[in-house]
Trainee: 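Questions regarding the structure given below will be posed in turn.
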Amino acid sequence: MAERNAVEWDEEEIASLSAAVGALKESMARVIIGQENVVDLLVTCLLAGGHALVEGVPGLGKTLLVKSLAQATDMQFRRVQFTPDLMPSDIVGTEILEEDTSTRQRVFRFQQGPVFTQVLLADEINRAPPKTQSALLEAMQERAVTFAGTTHKLPRPFFVLATQNPIEQAGTYPLPEAQLDRFLLRIDVVYPTEDEEVLMVSRTTHAGLDDAEPAMTVETLLRLQQLVRDIEIGEHLLRYATRLVRATRPSETTVSAVKQHVGWGAGPRAGQALVLASKARALMQGRLAVTREDIGAMLLPVLAHRVLRNFEAEADGVAIADILHALRNEIRID
């Protein structure tokens, strides 16, 4: 690592932090059956200090997943079910009028909403109207809530996992592209294998599932998030990540699949997200430097919600994964 990090990060502390990541995954594995890739991406997003958008049909354990993450990291957890009548004040909080029993004076006091937590599950975020979505997404970006001219800081760390149901879109409010860009990763939760599903049914209908045991303190997590920022990435890999993002833009790309099937490419924030997620993955793999494999592995979860297909791609059934696969094959590293 660079000289500036050699003083701050000694080998003993790095080894301890790496062991904490392993313990975190082991703790979650005792509760979450299968879904190893989903757990890895979720932890990657947490270490990178970002937020995650999770898509999957009901009943795949998305709530249990994020609840177990909160338990294993000893963080406060809250869940909000988004509905069409949910108001911004139901998320961020509101002012209430209180009367002092001794002086009879009435004063307004800010009552914090459920967003004032460390891990927030925003369930079916696309069911709430845009005003409520914006209130949450502003808090995600600023990590603070401003109400009546007063700014209230959110706890640290602050991690939002928002879910969407991909098969039911009636009566929903799709997130605008600018708001989707606020999520570091999009994680797809798929059906378990037959053996995993048999084990899941057996456990949940017999003795039930235990809670995840705390495996990491909040202080350790914050230190890990600092370490992720100091993971090394070479100039050639930095240019490679940037080149991948720029190649998603139809007006600039040389990739035929992008020209034919993409309506709107990713912006500069996608490059920041790709590098940061790659650094977090490198740390999870026990390395202090990013490799090309890290960038390739994070390409789909980082860009899946930032690259928009055109009508032709939707009509032909071309998936975003197919487009990004072609992109990865054609863009070369120096």
Side-chain angles (χ1 to χ4, degrees), residues 37-38 41 44-45 48 50-57 62 82 122 124-134 136-138 140-141 160-190 240-278 295-331:
N37 184 57
V38 174
L41 289 175
T44 298
C45 191
H51 307 288
L53 180 66
V54 177
E55 288 198 1
V57 298
K62 297 185 293 293
F82 277 58
E124 294 190 291
I125 187 174
N126 56 333
R127 289 206 171 277
K131 184 182 293 187
T132 305
Q133 295 175 1
S134 297
L136 173 62
L137 293 164
E138 180 183 1
M140 289 166 51
Q141 178 67 17
V160 174
L161 187 144
T163 69
Q164 289 190 135
N165 183 348
I167 62 174
E168 190 176 349
Q169 300 299 324
T172 62
Y173 303 85
L175 290 173
E177 288 71 29
Q179 295 183 357
L180 285 172
D181 201 32
R182 304 297 180 182
F183 291 96
L184 184 75
L185 302 181
R186 194 193 85 178
I187 304 173
D188 293 322
V189 183
V190 298
Y240 176 58
T242 304
R243 194 172 297 164
L244 285 169
V245 171
R246 291 177 62 85
T248 65
R249 303 165 192 167
S251 61
E252 301 180 16
T253 189
T254 59
V255 181
S256 57
V258 174
K259 287 184 177 181
Q260 184 177 359
H261 297 301
V262 172
W264 195 261
R269 189 181 286 118
Q272 297 170 337
L274 182 57
V275 170
L276 194 56
S278 299
I295 296 174
M298 301 312 302
L299 190 64
L300 179 60
V302 168
L303 296 182
H305 57 298
R306 291 183 166 94
V307 177
L308 303 183
R309 295 176 300 162
N310 57 21
F311 176 78
E312 182 179 349
E314 295 180 2
D316 294 343
V318 178
I320 191 66
D322 299 328
I323 299 172
L324 294 178
H325 181 72
L327 174 73
R328 183 182 176 185
N329 286 341
E330 291 193 34
I331 300 301

Trainee: Can you pull the side-chain hydrogen bond (donor to acceptor under 3.5 Å, both in side chains) pairs that have at least one residue in residues 257-269, sequence neighbours excluded?
Mentor: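 Counting only pairs at least two positions apart or across chains, the side-chain hydrogen bond (donor to acceptor under 3.5 Å, both in side chains) contacts touching residues 257-269 are Asp181-Arg269, Gln260-Glu312.
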
Trainee: CD1/Ile187 to CG/Leu161 distance, rounded to the nearest 0.5 angstrom?
Mentor: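 Between Ile187 CD1 and Leu161 CG, I get 6.5 Å after rounding to 0.5 Å.
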
Trainee: What residues form a side chain to side chain contact (heavy atoms under 4.5 Å, CB included) with Glu330, not counting sequence neighbours?
Mentor: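 With neighbours one apart ignored, the set is Val255, Ser256.
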
Trainee: Under 3.5 Å, is there a donor-acceptor pair between the side chain of Thr253 and the main chain of Val258?
Mentor: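 Such a contact is absent between Thr253 side chain and Val258 backbone.
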
Trainee: With Arg309, which residues qualify under salt bridge (Lys or Arg N to Asp or Glu O under 4.0 Å), at least two apart?
Mentor: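 Not a single residue meets the salt bridge (Lys or Arg N to Asp or Glu O under 4.0 Å) criterion with Arg309.
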
Trainee: How long is the gap from CD on Gln133 to CZ on Arg127, to the nearest 0.5 Å?
Mentor: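 Between atom CD of Gln133 and atom CZ of Arg127 there are 12.0 Å.
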
Trainee: Examine the side chains of Ser134 and Gln179 and answer whether a donor and an acceptor come within less than 3.5 Å of each other.
Mentor: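 Ser134 vs Gln179: donor-acceptor pair found between side chains.
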
Trainee: Applying side chain to side chain contact (heavy atoms under 4.5 Å, CB included), name anything that partners Leu276, two or more places apart in sequence or on another chain.
Mentor: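 Ala48, Val228, Arg229.
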
Trainee: Using the side chain to side chain contact (heavy atoms under 4.5 Å, CB included) rule, pick out the option among Leu137, Val302, Val54 that qualifies with Phe183.
Mentor: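 Testing each of Leu137, Val302, Val54 against Phe183, the sole residue satisfying side chain to side chain contact (heavy atoms under 4.5 Å, CB included) is Leu137.
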
Trainee: Look up atom CG in Leu185 and atom CG in Leu300, then write down how far apart they are to the nearest 0.5 Å.
Mentor: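 One finds 10.0 Å between CG of Leu185 and CG of Leu300.
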
Trainee: Report the residues that fulfil side chain to side chain contact (heavy atoms under 4.5 Å, CB included) with Glu177, sequence neighbours left out, ordered by chain and then residue number.
Mentor: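 Scan of Glu177 (side chain to side chain contact (heavy atoms under 4.5 Å, CB included), adjacent residues dropped) gives Leu308.
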
Trainee: What's the spacing between Ile125 CD1 and Thr132 OG1 if we round to 0.5 Å?
Mentor: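 Answer rounded to 0.5 Å: 10.0 Å.
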
Trainee: Output all residues satisfying side chain to side chain contact (heavy atoms under 4.5 Å, CB included) with Asn37, sequence neighbours left out; order by chain, then residue number.
Mentor: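 Result, side chain to side chain contact (heavy atoms under 4.5 Å, CB included) vs Asn37: Leu41.
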
Trainee: Given side chain to side chain contact (heavy atoms under 4.5 Å, CB included), test Leu53 with Arg186 step by step and report yes or no.
Mentor: CA-CA 5 Å; Leu53 180 66; Arg186 194 193 85 178; 4.2 Å; yes

